Amino acid sequence: MTISRPRGTRDFLPEDTRCRRNVENILRRVVRNWGFQEIITPTFESLELFTMKSGEGIVGELYNFTDKGDREMTLRPELTAPVMRMYVNEMQARQRPLKLFYFENCFRYERPQKGRFREFWQFGVELIGSDKADADAEVIALASEMLKAVGIRGDLHVNHLGVIRHLLSVLETEQQSRIMRLVDKKEYQALEDYLAEMNAPSDLRMKLIELIDLTGNDAIEKARMLVGDIPELAAYQELLTLLDTYRVEYTIDFGIARGLDYYTGMVFEVYAEGLGAQKQVCGGGSYQLIKLFGGGDVPSTGFGLGFDRIMEVCTIEPEEAKPVVIIAMESTRLEAVKTAMQLRPHVPVHIDLMKRNFKAQLSYANYLEAGYAVIIGDKEAAAGKVMLKDMQSGEQELLTVEEVIRKLRV
RNA sequence: GCCGGGGUAGGGUAGCGGUUAUCCUGUGGCCCUGUGGAGGCUACGAUUCGAGUUCGAUUCUCGAUCCCGGCCCCA
């Protein structure tokens, strides 16, 4: 009877872990070079933090629990809300903009499928304090740069919700939300039915249906013909001009909505090939959440990268230093330990821990894909030297440990 | 929550009503305490779980569970 790993979780073997850490470090390097700072928030939070943001409906998809003090808690399902909470709790007095990032595991009680797990990792960025196009553009460009750095060619779709919201501003808030959700899900038939049912002005109906279908290079011009010279369209254009300057490749897509009320301006999504139904690897936008959590009226913009999905399509291989394996006799075991300690500041070193014979040790070195074997027998020990064997060529030479170190550094 | 396809040693597999459950690989030991990738010998190791049908189930039926894919959802 063995205990199996919980559903929707994964064990990462050494080879997997090496790849993941490698990609993670590349992403970290890029985001740091853009001036963002890493933060860590708790693995669990008050349940209320997430119901406040996303509604009571999400509880069914949470790993929530009551703790021993009768508090309603949950493992975090995402990190935007925790970061906003952290900001409200202890960073409001800092000068803006704040440029933060995180790389953490999240938990959702959902049915696992390709690219979807119950424990998954998100790499995210939040830029707090600016609602300018410059901030939006920096965030999109950074996302694009990060994906490029790990060799992923994504399809980036961008939109500015100001335009559609301007169009809908004559409607009630409730109606606007419902429409945004339908647009997000691309349920265009249901959308038309709803518009008919609520007796929306026919002018608005026509414009809306046409607007959300606009994509591609001339979409802005077409939108201008539909809605006129509104300031939201000018803001959208400003963003696109910046993106062009960043040399980001994008597709204008008035159909991207994100069905949540706190998305107000820029929104974007990135899709990658080869992921089946879960092809979105990145999603983000500018939003207003801080007020909801009891802070000031501070605008933010950010995105989350689905790290597991990135790993699914990412093919970059980490390079690793080939280890050195010390091969010793029963009589020179202690010499092997001393030599290992001298070499370990420079390379990964293995010594025999199984009391194996000479041949088996060499065979093990071969299995470990060692670059070199360092052989220490009675003869070498007596001479105060070691035999350095190149495992590739098979050549070997008698050297002092210092000479070995010098040689390994080359 | 719903719909498909699956589950045999650590990995990959054969058997499809009665087998000592097949083979490959792996791992440990030995051949072999001074030179690796090979070989030989040997040991280890599996029918996902539960119920039913049957004289007898790895094999058939049902349920559960887990895996793979899809729907819903996706903050």
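Labels below follow one simple rule: chain letters A, B, ... track the order of the sequence lines, proteins then strands, and each chain is numbered from 1. Predicted, not measured: the structure shown is a model, and the values here were computed from it.
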query: Do A:Arg116 and B:rC74 have a side chain to base donor-acceptor pair shorter than 3.5 Å?
result: yes
field: A:Arg18 and its salt bridge (charged side-chain N to carboxylate O under 4.0 Å, His left out) partner, picked from A:Glu320, A:Glu24, A:Glu317, A:Glu319
entry: A:Glu320
query: Touch check for A:Glu380, heavy atoms < 4.0 angstrom, all strands: base, sugar-phosphate only, or nothing?
result: base
- request: For nucleotides B:rC44 and B:rU25, find the distance between their C1' atoms and express it as a whole number of Å.
  value: 14 Å
- prompt: Which part of the nucleic acid, if any, lies within reach of A:Lys355 when heavy atoms closer than 4.0 Å are counted: base, sugar-phosphate only, or nothing?
  reply: nothing
query: Base, sugar-phosphate, or nothing for A:Asn357, non-hydrogen atoms under 4.0 angstrom?
result: sugar-phosphate
field: Pairwise P distance, B:rC49 and B:rC32 [rounded to whole Å]
entry: 43 Å
- request: Assess the pair A:Tyr109 and A:Tyr63: is the distance between their ring centroids shorter than 6.0 Å?
  value: yes
message: Assuming nearest nucleotide by heavy-atom distance, tell me which of A:Gln113 and A:Gln280 is located more 5' along RNA chain B.
response: A:Gln113
message: Just to be sure I understand the rule, does A:Arg108 reach a base, reach only the sugar-phosphate, or reach nothing, if contact means heavy atoms closer than 4.0 Å?
response: base
message: Applying a 4.0 Å non-hydrogen cut-off, can you work out what A:Lys53 is touching in the nucleic acid: base, sugar-phosphate, or nothing?
response: sugar-phosphate
field: Side-chain donor-acceptor contact under 3.5 Å, A:Tyr262 with A:Lys53
entry: yes
query: What about A:Lys359, does its side chain sit under 3.5 Å from the base of B:rU35 through a donor-acceptor pair?
result: no
message: Only pairs with both distances under 3.5 Å count, Watson-Crick or wobble alike; so what is the partner of B:rU65 in this structure?
response: B:rG7
query: Within the structure shown, what part of the strands sits under 4.0 Å from A:Gly285 by heavy-atom distance: base, sugar-phosphate, or nothing?
result: nothing
- prompt: If you take atom types as modelled and just measure distance, does the side chain of A:Gln361 reach the base of B:rU33 with a donor-acceptor pair under 3.5 Å?
  reply: no
- prompt: Which is true for A:Ile375 with a 4.0 Å heavy-atom rule: it touches a base, it touches only sugar-phosphate, or it touches nothing?
  reply: base
task: Give none if B:rA46 has no partner; otherwise give the nucleotide forming a Watson-Crick or G-U wobble pair with it, both distances under 3.5 Å.
output: none
Pair A:Asp16 + A:Arg21: basic N to acidic O under 4.0 Å: no
message: Under 4.0 Å, heavy atoms only, any strand: does A:Glu110 hit a base, just the sugar-phosphate, or nothing?
response: base
field: Under-4.0 Å side-chain N/O to phosphate OP1/OP2 contact, A:Arg111 with B:rC73
entry: no
- prompt: Contact class for A:Gly394 vs. all strands (heavy atom < 4.0 Å): base, sugar-phosphate, or nothing?
  reply: base
message: So A:Tyr109, base contact, sugar-phosphate only, or nothing? Heavy-atom distance under 4.0 Å.
response: nothing
message: Assuming nearest nucleotide by heavy-atom distance, tell me which of A:Met354 and A:Gly8 is located more 5' along RNA chain B.
response: A:Met354
